[in-house]
Amino acid sequence: MTSPHSAQDWLDYYQLRYQVLREPWGQPPGSEQDELEASSAHRMVRAADGQLLAVGRLHQLVDGWCQVRYMAVAESARGKGQGALVLRALEQQGLAWGCDQLTLNARENAFNFYQKLGYKTGKPLEPLYGIPHQQMTKRLRLAGDAAQFSRWCADLQQTWHQTIPLSAFMQLQIQQFDGNLLACQAPLAPNKNLHHTMFAGSIYSLLTLTGWGLIWLQLRALGLQGDIVLADADIRYLAPVELDARAEVQLLDAVGDLTVLNQGRRVRQLLLVRLTQGERLLAEFHGRFVVKPVTVAASAG
């Protein structure tokens with residue numbers, strides 16, 4: 001993943017945009033660019049042989065919004081995750097700019113692609129070149145400020161320790177929450193196995209509770225209530241945990257709209273949680289959580 005730098009990079013970058021987004025509909029060269037190019041962030045992926053695989057652009061709007069435009073993937077690279085790599089890099093850039101929400105105008109054939117990456121459907125748009133378009137949005141950071149995040153984390157940690165005794169025994173602690181990234185840690189000492197590395201059950205519990213915690217924080221930000229349960233999970237233990245490690249989950253990786261709890265419907269949310277030591281990835285957890293609406297019992301008359 002990189003940004004265009006050389007004259008050849010820019011030539012290839014705009015050429016792929018044109019070939020995918022404009023040429024098939026008889027538009028002239030140059031129509032793949034606009035007046036915001038110089039003030040935008042640009043990302044691209046090349047193959048080992050130099051072929052350009054995917055490109056995309058991000059620019060800032062107002063009130064904490066940013067917009068993705070000109071996403072294009074070479075025909076030979078479609079369905080191989082290259083577009084998702086570009087989009088993730090643009091989302092990270094949006095966070096670095098301080099943006100809270102992202103919008104884009106998706107073509108009909110890309111609706112499912114964006115939905116699988118956590119985008120919500122917005123209003124229908126006017127067709128472009130006869131192609132139906134749909135506005136889609138994604139929240140990059142939960143609504144709230146640093147003081148609120150700190151209070152929520154204190155409440156979450158208390159909830160863990162009071163209702164899930166294992167978390168207190170593990171000495172699970174929240175290290176960081178910025179509205180997107182939740183990072184938690186459990187020290188090695190109370191979680192050792194006979195090999196003096198972290199017990200696999202402790203790793204699984206740490207990653208599960210970190211994912212559970214991000215959903216709890218989303219509910220708090222949305223003013224919603226729900227019972228959170230882990231429905232299914234897949235974990236890869238990649239290396240022994242010989243020192244204190246850090247579990248991380250990002251709102252960017254959350255797929256599943258919690259707001260439908262307002263309609264009395266249960267929600268599924270998919271999360272990716274990683275266990276790291278510095279830059280080293282030690283374990284990776286893909287969890288499918290279910291959030292059930294809280295039913296308030298009627299008072300006896």
Side-chain angles (χ1 to χ4, degrees), residues 1 13 16-17 19-22 24-25 32 34 36 40-45 52-61 63-97 99-143 179-181 214-215 218 222 249-260 265 267-272 286-289 291:
M1 178 63 59
Y13 174 85
L16 182 59
R17 270 199 201 174
Q19 288 176 345
V20 174
L21 302 175
R22 296 293 184 265
W25 291 272
E32 76 286 355
D34 63 27
L36 297 176
S40 298
H42 305 266
R43 297 291 183 269
M44 54 189 274
V45 179
L52 193 58
L53 303 178
V55 301
R57 194 194 82 178
L58 185 75
H59 65 268
Q60 291 180 273
L61 301 174
D63 299 327
W65 284 82
C66 53
Q67 182 173 5
V68 169
R69 288 203 66 193
Y70 300 113
M71 284 285 297
V73 179
E75 186 173 357
S76 61
R78 290 174 192 169
K80 300 179 180 179
Q82 303 303 322
L85 288 176
V86 170
L87 190 59
R88 179 55 180 263
L90 296 176
E91 291 170 351
Q92 294 285 6
Q93 180 61 57
L95 283 170
W97 281 343
C99 298
D100 299 318
Q101 299 187 80
L102 185 152
T103 185
L104 55 84
N105 300 334
R107 295 186 178 200
E108 184 178 39
N109 63 354
F111 293 170
N112 289 340
F113 167 77
Y114 291 113
Q115 286 176 334
K116 289 178 180 178
L117 295 175
Y119 284 78
K120 294 171 59 176
T121 301
K123 62 183 179 181
L125 302 170
E126 289 294 323
L128 180 65
Y129 313 132
I131 307 168
H133 279 64
Q134 183 87 46
Q135 182 190 48
M136 304 191 81
T137 62
K138 183 173 184 177
R139 180 166 280 282
L140 303 179
R141 183 182 285 108
L142 293 180
N180 169 56
L181 174 70
L214 181 64
I215 296 176
Q218 291 176 70
L222 293 167
V249 62
Q250 295 193 54
L251 185 67
L252 293 185
D253 290 321
V255 179
D257 182 11
L258 298 181
T259 61
V260 301
R265 295 163 51 194
V267 181
R268 289 181 176 85
Q269 188 166 93
L270 306 178
L271 291 174
L272 170 63
H286 293 263
R288 182 170 64 88
F289 292 83
V291 186

Legend entry - Student check: side-chain heavy atoms of V73 and F113 closer than 4.5 Å: no
Inset, instruction - Indicate the atoms forming the closest heavy-atom contact of Y70 with R22, along with that distance. - result: CE2-NH2, 3.6 Å
Legend entry - Close side-chain approach of K116 and V255, heavy atoms under 4.5 Å: no
Inset, instruction - Rounded to the nearest 0.5 Å, what's the gap from CZ on R78 to CG on L53? Could you check? - result: 12.0 Å
Legend entry - Spacing of Q93 atom CD and R43 atom CZ [to the nearest 0.5 Å]: 5.0 Å
Inset, instruction - Take the angle between the ring planes of Y129 and W25 and call it parallel below 30°, perpendicular above 60°, tilted in between. - result: parallel
Inset, instruction - Start with the C-alpha distance between R139 and D100, add both sets of side-chain angles, then the distance that settles side-chain contact (heavy atoms from CB on, under 4.5 Å), and finish with yes or no. - result: CA-CA 6 Å; R139 180 166 280 282; D100 299 318; 4.1 Å; yes
Legend entry - Trace of the side-chain contact (heavy atoms from CB on, under 4.5 Å) decision for R88 with D253: CA-CA 9 Å; R88 179 55 180 263; D253 290 321; 2.5 Å; yes
Inset, instruction - Check whether any side-chain heavy atom of H59 lies under 4.5 Å from a side-chain heavy atom of W97, and answer yes or no. - result: no
Legend entry - Note, D257 side chain near V267 side chain (heavy atom, < 4.5 Å): no
Inset, instruction - Check I131 against R107 and note the closest heavy-atom contact, atom names and distance. - result: CD1-NH1, 3.5 Å
Legend entry - Side-chain (Q134) to main-chain (G122) donor-acceptor, under 3.5 angstrom: yes
Legend entry - Interatomic spacing from CG in D34 to CZ in R69 - rounded to 0.5 Å: 5.5 Å
Legend entry - R268 side, atom CZ; R288 side, atom CZ - distance, nearest 0.5 Å: 5.5 Å
Legend entry - Verdict with reasoning, Q115 to M136, per side-chain contact (heavy atoms from CB on, under 4.5 Å): CA-CA 8 Å; Q115 286 176 334; M136 304 191 81; 3.5 Å; yes
Inset, instruction - Report yes if some heavy atom in the side chain of L95 is under 4.5 Å from a heavy atom in the side chain of R141; otherwise report no. - result: yes
Inset, instruction - Indicate yes or no for a side-chain donor-acceptor contact from K138 to the backbone of L252 under 3.5 Å, with no hydrogens or angles considered. - result: yes
Legend entry - Which atom of A54 lies closest to which atom of G83, heavy atoms considered: CB-N, 4.3 Å
Legend entry - Separation of L214 CG from F289 CZ (nearest 0.5 Å): 9.0 Å
Inset, instruction - Please examine the side chains of C66 and L140, heavy atoms only from C-beta on, and report whether any two atoms are closer than 4.5 Å. - result: yes
Inset, instruction - Mind checking the CD-CG spacing from Q67 to L104? Nearest 0.5 Å is all I need. - result: 7.5 Å
Legend entry - Expected output: side-chain N180 to main-chain L251 donor-acceptor under 3.5 Å: yes
Inset, instruction - Quick one: do T103 and L61 satisfy side-chain contact (heavy atoms from CB on, under 4.5 Å)? Show the steps, please. - result: CA-CA 10 Å; T103 185; L61 301 174; 3.8 Å; yes
Legend entry - Where V249 and L272 come nearest, the two heavy atoms and their spacing: CG2-O, 3.4 Å
Inset, instruction - Look only at the side chain of Q269 and the backbone of G256, and say whether a donor-acceptor pair between them is shorter than 3.5 Å. - result: yes
Legend entry - Side chain to side chain, T137 and Q101, heavy atoms closer than 4.5 Å: no
Inset, instruction - Would you mind reporting whether Y114 and T121 have side-chain heavy atoms less than 4.5 Å apart? - result: no
Inset, instruction - Considering non-hydrogen atoms only, spot the tightest contact between A254 and Q218 and give its length. - result: CB-NE2, 4.3 Å
Inset, instruction - Search all heavy atoms of L90 against all heavy atoms of L58 and return the closest pair with its distance. - result: O-CD2, 3.2 Å
